[in-house]
Structures are given as C-alpha cells and as structure tokens.
Amino acid sequence: MKMTKSAIPMTAIVLAMTAIGGAAQAEYPEKPVEFVVPWPPGDLEDVLTRMIAEDFSAEYGVPTAVVNKPGGGGGPFPGAIEVADAPADGYTIGSFIIAIPTVGPQLGIPQLDPDPFVPLGNFLTYPFVIATSGDAPYDDIDGLAAYAQDNDVVLGHFGAPLVPTQVTMGLAKEKGFAFASDAAFDALDCNTLASGDVDVINTTLQLILPCLDDVKVLASIGAERIPLMPDTPTVAELAPNLDVALWNGLFVHKDTPQDVRDRISAVAEKTALSERAQALAAETGALVYWQPAAEVETQILKDIETLGKIEAMLSE
C-alpha cells in the first residue's frame with residue numbers, strides 16, 4: 001500500500017527535520033583544512049603557516065595540510081585564485097603577502113577583482129633585503145647607483161608587480177639610475193647570486209642566511225632595521241616616500257562566517273605569540289606577532305595609498 005503524506009507518522013517527520021538541521025549546523029571544523037601558501041616551501045611564511053596548521057590540527061582534531069602553490073616566477077596570484085575559487089567555508093585558508101590585497105585587484109584577474117578576501121590577521125613582517133654578491137664592486141646603494149651609470153646591472157625579483165620589486169625600482173629611480181634588465185624567480189637565494197644570472201636580488205633574509213658571509217646586503221625594505229644586521233640602512237631611511245613594510249597574514253573568502261573566522265584567528269594568534277614562533281623570529285630577524293583583522297584592513301588602505309604614489313613615481 002502506498003503511504004500518503006498525511007499518513008507519515010509525525011514523529012518520523014520531526015526526527016527527519018532534526019537530522020537535517022543538525023547536519024546543516026555541524027560545528028566547524030569537521031573535515032580537513034587546507035592552508036595555501038603561494039610560494040615554494042622553506043621561507044618564513046611557509047614555516048610559520050605550518051606551525052599554525054599543526055596547532056590547528058591539535059586544537060580541533062582534524063587533519064590539516066599546507067599546500068605550496070608557486071606561480072612560476074609570476075608571483076603569488078595563482079595560489080590566491082585557488083583560495084578565491086574555493087567555497088567560503090573556512091576549509092581553504094590563504095597565507096598571503098601584502099601584494100594579494102594591494103596589487104591583486106589591479107592586475108585584471110577576474111577572481112581577484114574586486115578583492116574577494118577578508119583578513120583574519122597578520123603574523124609576519126619579513127626581513128626583506130636588497131643584496132648582491134660579496135665580490136660586487138660596490139658596498140651600498142649609493143655605490144650601486146654610481147656603478148650602474150656605466151655598467152649594466154640586472155635585478156632578480158619575485159615578480160614585477162610585487163611590492164618589493166616596485167620599492168627596489170623606486171629606490172633606483174630616487175638614486176638616479178635604472179636596472180638594465182630584470183627577471184622573476186620563484187626562489188631568490190644563494191644560488192641565484194652565485195650563478196651570475198643576476199647582479200642584485202630583492203629577497204627575504206631567510207633565503208640567503210646560509211651564505212650571509214658571502215653576500216653584501218645593501219639595504220632592507222621597511223621602516224625598521226633588521227636586528228641581525230643593525231648597521232644596514234632601511235629603504236625608508238634612504239627614501240622616506242618608499243616606506244612599505246612587507247607583511248604576511250591569513251585570509252579567507254569574504255563570505256566565510258564570522259564564527260569560523262574567529263576559530264581560525266584564535267589558533268593563529270596563539271601560534272604567532274608562542275615560544276617557538278618567537279624563537280624563529282630571533283633566529284631570522286623577522287617580526288612575528290599578531291595584528292587583528294580590523295588593524296590589517298587599515299594597514300591595507302595605507303599601503304594601497306603608498307603603492308599608488310610609488311606607481312605614479314615610476315611612470316613619470
């Protein structure tokens with residue numbers, strides 16, 4: 001006999017509705033969480049993101065994975081696109097540098113314009129440097145500027161539109177010279193300079209620490225000198241209008257529920273302030289901290305304004 005809708009016992013209907021409601025309200029997280037780092041493994045953002053992922057797994061008992069998505073010399077944008085295309089449920093989290101929210105929306109990439117992300121918080125300011133080989137015939141930025149008047153100097157960078165590249169080229173213009181050519185790399189380390197493919201690189205101190213005695217650091221990018229090299233001037237000292245700090249933070253799609261954002265942020269903040277994260281900071285010259293989402297949003301607006309001025313300067 002076919003049972004009509006009216007003949008279905010009320011208890012069965014109530015139980016079914018309760019089950020559906022329970023499934024819809026399942027508490028986050030209930031499945032593996034992925035952190036996307038749009039760079040190769042090994043640098044500071046990767047190391048710290050792995051710490052956060054480990055602590056997240058320990059806190060909530062779900063598997064986590066850090067997935068490296070470098071852009072083949074084109075910067076971090078393919079990795080950012082992957083996060084933008086993922087469901088806004090907190091199971092795909094981006095570990096992004098300053099360029100994603102400040103430069104990404106201007107590149108004509110549909111997934112990044114308008115900016116689809118909200119910050120959860122920043123946790124790292126890179127010890128980013130402009131460096132050359134130890135046998136270079138100059139010792140500082142002014143010496144580089146003088147040398148470049150009569151010699152071709154090639155710059156290696158992580159991507160032409162990225163912030164450190166723009167700052168480095170802006171500094172060259174301030175000092176009255178231009179690089180003869182430039183090239184993008186996924187990694188800029190001791191081997192990059194040793195190969196002779198480029199003369200100057202802008203990179204994180206972490207990547208050249210193994211050969212620090214064999215290179216010359218000409219300047220650091222940001223407002224604060226790096227503790228490991230207190231005698232090296234900052235770009236902001238050499239050209240105050242180029243004062244941009246190179247930070248990294250966690251981002252999710254803007255439609256991600258607030259309670260999910262809060263759970264991720266709580267773990268990340270605890271990790272950033274932990275003894276092991278602060279030990280890494282001391283070893284590498286990085287600044288490791290926690291900057292809440294509201295402050296990051298203000299920081300992004302300030303950085304967009306500064307980068308706009310740099311772009312205008314370079315187009316003159």
Side-chain angles (χ1 to χ4, degrees), residues 42-48 51 97-98 122-148 153 155-158 162-172 174-175 177 187-190 192-194 198-249 272-291 299 302-303 306 310:
D43 210 344
L44 290 169
E45 78 290 326
D46 180 67
V47 176
L48 286 163
M51 289 185 186
I97 62 167
I98 175 178
N122 285 346
F123 59 83
L124 165 68
T125 297
Y126 294 92
F128 219 95
V129 298
I130 302 171
T132 188
S133 59
D135 59 0
Y138 42 85
D139 300 314
D140 53 27
I141 292 294
D142 288 333
L144 168 61
Y147 178 81
V153 178
L155 172 67
H157 53 72
F158 286 117
L162 299 185
V163 176
T165 313
Q166 294 293 297
V167 169
T168 303
M169 290 182 171
L171 181 61
E174 286 279 294
K175 293 295 182 177
F177 76 97
L188 292 159
D189 52 23
C190 301
T192 314
L193 286 174
V198 298
D199 303 296
V200 176
I201 59 175
N202 54 25
T203 189
T204 64
L205 186 61
Q206 170 82 355
L207 293 180
I208 58 171
L209 274 179
C211 60
L212 199 55
D213 292 337
D214 301 318
V215 302
K216 296 177 183 178
V217 178
L218 307 177
S220 62
I221 298 177
E224 299 182 40
R225 292 194 177 194
I226 299 172
L228 293 183
M229 44 186 58
D231 297 330
T232 301
T234 68
V235 169
E237 291 175 68
L238 300 171
N241 57 325
L242 301 176
D243 180 13
V244 181
L246 304 175
W247 47 257
N248 197 96
L273 302 180
S274 68
E275 288 186 9
R276 64 175 179 157
Q278 293 305 311
L280 179 67
E283 291 168 5
T284 60
L287 297 177
V288 181
Y289 51 89
W290 185 253
Q291 184 181 30
Q299 181 72 49
K302 175 179 177 293
D303 291 337
T306 302
I310 294 173

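Predicted model only: the values in this text are computed from it and were never measured. Residue indices begin at 1 and follow the sequence shown.
The distance from atom CG of L238 to atom CD1 of I141, rounded to the nearest 0.5 Å, is 6.5 Å. Note that the OH atom of Y289 and the OG1 atom of T125 stand 2.5 Å from one another [nearest 0.5 Å]. Annotation: the span from D243 atom CG to I221 atom CD1 amounts to 11.5 Å, rounded to 0.5 Å. Here the straight-line distance linking atom CD of Q206 with atom CD of E283 works out to 9.0 Å at 0.5 Å rounding. Taken to the nearest 0.5 Å, the CG atom of L207 stands 8.5 Å off from the SG atom of C190.
Proximity of T204 to T284: side-chain heavy atoms (C-beta onward) are nowhere separated by under 4.5 Å. Under the 4.5 Å side-chain criterion, counting only non-hydrogen atoms from C-beta, L280 is not in contact with V288. You'll find the side chain of F177 reaches within 4.5 Å of the side chain of L144, heavy atoms only. Contact of the I310 side chain with the V244 side chain is registered, since non-hydrogen atoms from C-beta on lie closer than 4.5 Å. Residues L287 and E224 meet the side-chain proximity criterion, which asks for heavy atoms closer than 4.5 Å. A 4.5 Å side-chain heavy-atom check between I201 and I208 finds at least one atom pair inside the cut-off. Between V163 and L246, some side-chain heavy-atom pair lies under the 4.5 Å cut-off. Looking at P233 and R225, their side chains come closer than 4.5 Å, going by heavy atoms from C-beta outward.
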- Message: Assess the residue pair M229 and L205 against the criterion (side-chain contact (heavy atoms from CB on, under 4.5 Å)); give the C-alpha distance rounded to whole Å, side-chain angles, the decisive distance to 0.1 Å, and a yes or no.
- Response: CA-CA 10 Å; M229 44 186 58; L205 186 61; 3.6 Å; yes
- Task: Under the side-chain hydrogen bond (donor to acceptor under 3.5 Å, both in side chains) rule, what do Y126 and E45 come out as? Steps first, then yes or no, please.
- Result: CA-CA 8 Å; Y126 294 92; E45 78 290 326; 2.9 Å; yes
- Could you go through the side-chain contact (heavy atoms from CB on, under 4.5 Å) check for M169 and L155 one step at a time? CA-CA 9 Å; M169 290 182 171; L155 172 67; 4.2 Å; yes
- Task: Tell me, with the steps shown, if D142 and K175 meet side-chain contact (heavy atoms from CB on, under 4.5 Å).
- Result: CA-CA 7 Å; D142 288 333; K175 293 295 182 177; 3.0 Å; yes
- Query: So N202 and T165, side-chain contact (heavy atoms from CB on, under 4.5 Å) or not? Walk me through it.
  - Reply: CA-CA 7 Å; N202 54 25; T165 313; 4.1 Å; yes
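The two residues P127 and L44 have their closest heavy-atom pair at CD-CD1, 3.5 Å. When all heavy atoms of A245 and I98 are compared, the pair lying nearest together is O-CD1, 3.6 Å. Across all their heavy atoms, A277 and A272 have their closest contact at CB-O, 3.5 Å. Nearest heavy-atom pair, A187 versus T192, reported as atom, atom and distance to 0.1 Å: O-OG1, 3.6 Å. Across all their heavy atoms, L124 and L48 have their closest contact at CD1-CD1, 4.0 Å. Closest approach of V200 and Y138 over heavy atoms only: CG2-OH, 3.7 Å.
At distances below 3.5 Å, at least one donor-acceptor pair connects side-chain atoms of K216 with backbone N or O atoms of A136. Side-chain atoms of D140 come within 3.5 Å of backbone N or O of G143 as a donor-acceptor pair.
Every residue meeting the side-chain contact (heavy atoms from CB on, under 4.5 Å) condition with S220, not counting sequence neighbours, appears here in chain and number order: V129, I226, T234.
With a 6.0 Å radius and a threshold of 12 heavy atoms from other residues, nucleotides or ligands, E237 has its CD atom above the threshold.
There is a side-chain donor-acceptor pair under 3.5 Å between D303 and W247.
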